[in-house]
Amino acid sequence: MNIGILGGGQLGWMTILEGRKYGFKFFVLDKNKNSPASRIADAWFPPEKVKEFCQYVDVITYEFEHIEDSVLENLSAPVYPPLEALRLKKSRIEEKTFLYKRGFPVPSFRPATLKELKETIKDFSLPVIVKSERLGYDGKGQYKIEKIQDLEEIYKNHSAEERFIVEEYVDFLMEVSTIAVRNTKGEIRVYPVTKNVHSRGILLYNHVEDVEDFKKEIEEIAKSLSEELSIVGLLAVEFFITKDGKVLINEFAPRPHNTGHYTLDSAYTSQFENLVRAITGLPLGSTELKTMGGMVNVLGLSYEEICIEEILSLEGTKLYWYGKEKRPRRKMGHINVVGKSIGEVKNKISYIIELLYSKEEIEV
Ligand code: ADP
Ligand code: MG
């Protein structure tokens, strides 16, 4: 079977590395010939050649949400997860409204145009988070507004036609996520819950966490949301656990997710392998843990800057290096960590973080 992937980033790269085990061929559509997945694909196509790309593939998936309409309109093979999920993800307003209307728990929010921001914010107590409706990722296009003057920054960076979502600032106890996988027959499995720690809007590290009372609720939400969206493939769901004991959905992603990279070494079947199994009509693999695990992102550092000797001398660590051009805070690679207990994994993660970053670089 030939699998097409829209997007050539590290998520596609790992999907190919895992999917090749099944003998499948991979075709990548991305504007950059040298992106991680484009480099290792059986063939690469730029977006203008979308029609040609479709002639090679039996099924299409995506590893990136901000795909141009000119590409989406020209796809002529089955696309999994369905494009409706992707359509919702193109707009943070549509995504949150969908969740709210279907009765899923979300922080309180209001859509607003640039002009309306000042008025809309009056309905909330400060601080609030303002997120641009489109094209945001890794904390980009997001602003914490503590006083009305902080809006100036938004006025400076955005144009009058743009729309935003204003959200209550959630004073969370913890951020967590899980990933559901669902195949063409409707079989669903859910990966363990991880605790995710971000630094200025970008995931810094995560690890499997025992969230006792919340586990069932989180798993149920991930399952029912993947059914509501008729997912075939992966659905990652990010949550806040609030200090007063509530679970709120922050966002979802119908694709492999950074918080699931640990599954490459800790789960019986990685998220990438299960994506490939799901979209090719194969039975799903076990999402259970072989061992406890976690991951540290390498942000904005070159290969020479990461003390590779020390990191890999620590038992139970593995490096995944994407081969991208270095840019400040860019995801350059990650280090997976395994251990017998969550405590052991956490200790190893702390040690790796100390090796990689100074305190200022990783302020939360
Ligand atoms: P992205 O697409 O960049 O991942 P998110 O909406 O997930 O966008 O926001 C990135 C991070 O910003 C979250 O993981 C969380 O740490 C923080 N954040 C986002 N929304 C809120 C909120 N309403 N209250 C508090 N923190 C938030
Ligand atoms: Mg997020």
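Position 1 is the first residue of the sequence; numbering continues from there. Whatever order the structure lists ligands and atoms in, that order sets their numbers, starting from 1.
The aromatic rings of F53 and F45 sit perpendicular to each other, their planes meeting at more than 60°, with 30° as the lower class boundary.
Near ligand 1, residues R92, I129, K131, Y137, D138, G139, Q142, E167, E168, Y169, V170, F172, E175, H198, G201, E238, F240, N250, E251 each place a heavy atom inside the 4.0 Å sphere around the ligand atoms.
Using a 4.0 Å cut-off between charged nitrogen and carboxylate oxygen, E219 and K215 count as a salt-bridge pair. Ion pairing between R327 and E325 fails under the 4.0 Å rule for side-chain N and carboxylate O.
The cationic group of K144 lies under 6.0 Å from the six-membered ring centre of Y169 and within 45° of the ring axis, placing it in a cation-pi geometry.
Neither side chain, Y56 nor D42, offers a donor N or O lying under 3.5 Å from an acceptor on the other.
Around the Mg ion (ligand 2), the protein atoms of type N, O or S found under 2.8 Å away are E238 OE1, E238 OE2, E251 OE2, listed by chain and number.
For S38, the side chain to side chain donor-acceptor pair (under 3.5 Å) test picks out S35, with sequence neighbours left out.
Distance check, rounded to the nearest 0.5 Å: OG1 of T269 to CG of L264 gives 11.0 Å.
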Acceptor/donor pairs from residues 3-13 side chains to any protein atom, 3.5 angstrom cut, sequence neighbours excluded:
from: Q10; atom 1: OE1; to: K324; atom 2: NZ; distance (Å): 2.8

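Put simply, the side chain of H334 reaches to within 4.5 Å of the side chain of M14, judged on heavy atoms.
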